[in-house]
Amino acid sequence: MFKTRLISGIILVIIALATIIPGGPVLYVTLLAISLIGMQELYRAMKVREKNFNFLELAGYAGAVCYYLSLLKGGELPQMALMFALVLLMAVYVFTYPTYHADQIMSAMFGILYVAVMLSYIYKTRCLEGGGWLVGLIFLSSWGSDTCAYCVGMLIGKHKMAPVLSPKKSVEGGVGGVIGAALLGAIYALVISNWNGMSTHTPLMYALICAVGALISMVGDLAASAIKRNKEIKDYGTLIPGHGGILDRFDSVIFTAPFIYFLSMILL
């Protein structure tokens with residue numbers, strides 16, 4: 001199991017680098033595909049898809065695609081796209097009544113916001129000045145902090161962080177994840193300093209951003225776990241061997257991406 005998880009993790013890092021480095025259309029299309037797969041996993045868990053593919057599910061995907069298309073123009077279009085998505089979902093609700101329940105409509109809209117919109121901030125971060133370097137902070141503060149938290153928790157973890165929700169997570173591990181992410185951010189800044197010409201991209205700033213991102217990533221991780229426990233499922237999917245589905249691997253990234261984007265805008 002550990003070997004499978006490790007190999008899958010390495011492949012994920014390679015794919016991430018292969019899409020983040022060129023950015024542009026490659027990253028854009030990859031994130032759209034990941035978003036749609038993640039939405040499908042969430043829709044299955046939240047019972048938007050009961051058994052078969054349906055109009056409500058299709059409307060959710062259409063809303064996500066419209067949102068991504070709106071990113072190409074920017075301005076007020078993304079907000080308009082989200083309003084259109086809501087209207088589209090409500091249209092399916094009323095014109096097929098009583099096929100769907102109100103909670104399914106809310107879950108469908110939640111899928112657009114939680115998966116598609118949140119993940120799109122990876123692309124938006126890449127589009128910032130110096131974004132090629134900033135995107136790395138998203139993954140350092142999520143995947144990097146998760147690895148650090150796991151190692152520290154295994155070594156000295158004693159006090160449970162959320163005993164009912166996630167018994168294996170400890171307070172010591174959480175602290176280790178935040179400190180580890182800060183250290184990784186500082187080291188990352190030093191390593192890329194010869195190529196990164198942005199004077200504000202200092203080790204201190206990268207460490208601060210990664211530390212905050214690590215705190216946010218814990219919420220994302222635990223939130224995904226809470227949904228799975230509520231719906232009584234172990235994993236969202238089986239797409240990634242040893243990890244589960246897209247949402248199982250990107251649960252913390254979903255939360256860190258928007259915050260890294262805004263922190264970069266404010267601090268750098």
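Bear in mind that the values here come from a model prediction, so they are computed numbers and not experimental data.
The line from OG of S199 to CG of L268 is 10.0 Å long, rounded to the nearest 0.5 Å. Put simply, NZ on K231 and OH on Y236 are 10.0 Å apart, with the number rounded to the nearest 0.5 Å. Rounded to the nearest 0.5 Å, atoms CD1 (I34) and CZ (F250) are 4.0 Å apart. Atom CD1 of I20 and atom CG of L27 lie 6.5 Å apart (nearest 0.5 Å). One finds the CG atom of L12 at 5.0 Å from the CD1 atom of I240 (value rounded to the nearest 0.5 Å). Here CD1 of I138 is found 7.5 Å from OG of S264. Values are rounded to the nearest 0.5 Å.
Proximity of a side-chain donor or acceptor of W143 to a complementary backbone N or O of R249 within less than 3.5 Å is detected. Between the side chain of R126 and the backbone N or O of V135, no donor-acceptor pair lies under 3.5 Å. Remark: side-chain polar atoms of S166 are not paired, donor with acceptor, to backbone N or O of A162 under 3.5 angstrom. Although no hydrogens or angles enter the test, the distance criterion places a donor-acceptor pair under 3.5 Å between the side chain of S8 and the main chain of P241. Although no hydrogens or angles enter the test, the distance criterion places a donor-acceptor pair under 3.5 Å between the side chain of Q104 and the main chain of K47. Under the 3.5 Å distance criterion, the side-chain polar atoms of S217 are matched with a main-chain donor or acceptor of S141. Between the N54 side chain and the V48 main chain, a donor and an acceptor come within less than 3.5 Å of each other. In this structure, the side chain of E41 engages the main chain of L247 through a donor-acceptor pair within 3.5 Å.
Not counting sequence neighbours, the partners of Y43 by the ring-ring contact (aromatic ring centres under 6.0 Å, His included) test are Y61. By the side-chain contact (heavy atoms from CB on, under 4.5 Å) test, T99 is found to be paired with T96, residues two or more places apart in sequence or in another chain being considered. By the side-chain contact (heavy atoms from CB on, under 4.5 Å) test, A116 is found to be paired with S35, M39, A64, Y68, residues two or more places apart in sequence or in another chain being considered.
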Given F55 and Y93, is the side chain to side chain contact (heavy atoms under 4.5 Å, CB included) satisfied, shown in steps? CA-CA 9 Å; F55 285 115; Y93 181 41; over 6 Å; no
Decide side chain to side chain contact (heavy atoms under 4.5 Å, CB included) for Y67 and L32; before the verdict, give the C-alpha distance in whole Å, the side-chain angles of both, and the deciding distance to 0.1 Å. CA-CA 10 Å; Y67 170 76; L32 176 56; over 6 Å; no
Does the pair M118 and L113 meet the rule for a side chain to side chain contact (heavy atoms under 4.5 Å, CB included), with working shown? CA-CA 6 Å; M118 300 281 268; L113 296 171; over 6 Å; no
Go through the steps to decide whether N196 and Y206 satisfy the test side chain to side chain contact (heavy atoms under 4.5 Å, CB included), and finish with yes or no. CA-CA 13 Å; N196 184 5; Y206 272 29; 3.5 Å; yes
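Using a 4.5 Å heavy-atom threshold, the side chains of D248 and K228 count as touching. Residues T200 and M205 form no side-chain contact, since every pair of their non-hydrogen atoms from C-beta on lies 4.5 Å or further apart.
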Could you list the donor-acceptor pairs under 3.5 angstrom formed between side-chain atoms of residues 172-193 and any protein atom two or more places apart in sequence or on another chain?
unit_1: E172; atom_1: OE1; unit_2: K158; atom_2: N; d: 3.1
unit_1: E172; atom_1: OE1; unit_2: H159; atom_2: N; d: 3.1
unit_1: E172; atom_1: OE2; unit_2: H159; atom_2: ND1; d: 2.5
unit_1: Y188; atom_1: OH; unit_2: W133; atom_2: O; d: 2.7
unit_1: S193; atom_1: OG; unit_2: L190; atom_2: O; d: 2.7

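Closest of all the heavy-atom pairs between I112 and A85 is CD1-CB, 3.8 Å. Heavy atoms only, all atoms of each residue included: L263 and V212 are closest at CD1-CG1, 3.7 Å. Among all heavy-atom pairs drawn from H201 and L134, the shortest one is CE1-CD2, 3.6 Å. Contact record, G213 with I260: CA-CD1, 4.2 Å, taken as the closest heavy-atom pair. The minimum heavy-atom distance between D221 and D251, with the atom names listed, is OD1-OD2, 3.1 Å. Listed here is the closest heavy atom pair of A45 and I233: CB-CD1, 3.7 Å.
Applying the side chain to side chain donor-acceptor pair (under 3.5 Å) test to residues at least two apart or on different chains, none of the pairs has a partner in residues 16-32.
In this structure, V13 is not a member of the same hydrophobic cluster as I11, with clusters built from ILVMFWY side-chain heavy atoms closer than 4.5 Å. Cluster annotation: M106 and L82 are assigned to distinct hydrophobic clusters (Ile/Leu/Val/Met/Phe/Trp/Tyr, side-chain heavy-atom contacts under 4.5 Å, transitive). Following chains of ILVMFWY side-chain contacts shorter than 4.5 Å, one can reach Y121 starting from L69, so the two form part of one hydrophobic cluster. L215 and L140 fall into different hydrophobic clusters, defined by Ile, Leu, Val, Met, Phe, Trp and Tyr side-chain heavy atoms under 4.5 Å apart, directly or through other members. Following chains of ILVMFWY side-chain contacts shorter than 4.5 Å, one cannot reach M80 starting from M109, and the two form parts of different hydrophobic clusters.
The number of heavy-atom neighbours closer than 6.0 Å to CE of M154, taken from other residues, nucleotides and ligands shown, is 12 or below.
The hydrophobic cluster containing L88, built from Ile/Leu/Val/Met/Phe/Trp/Tyr side-chain heavy atoms closer than 4.5 Å, also comprises F84.
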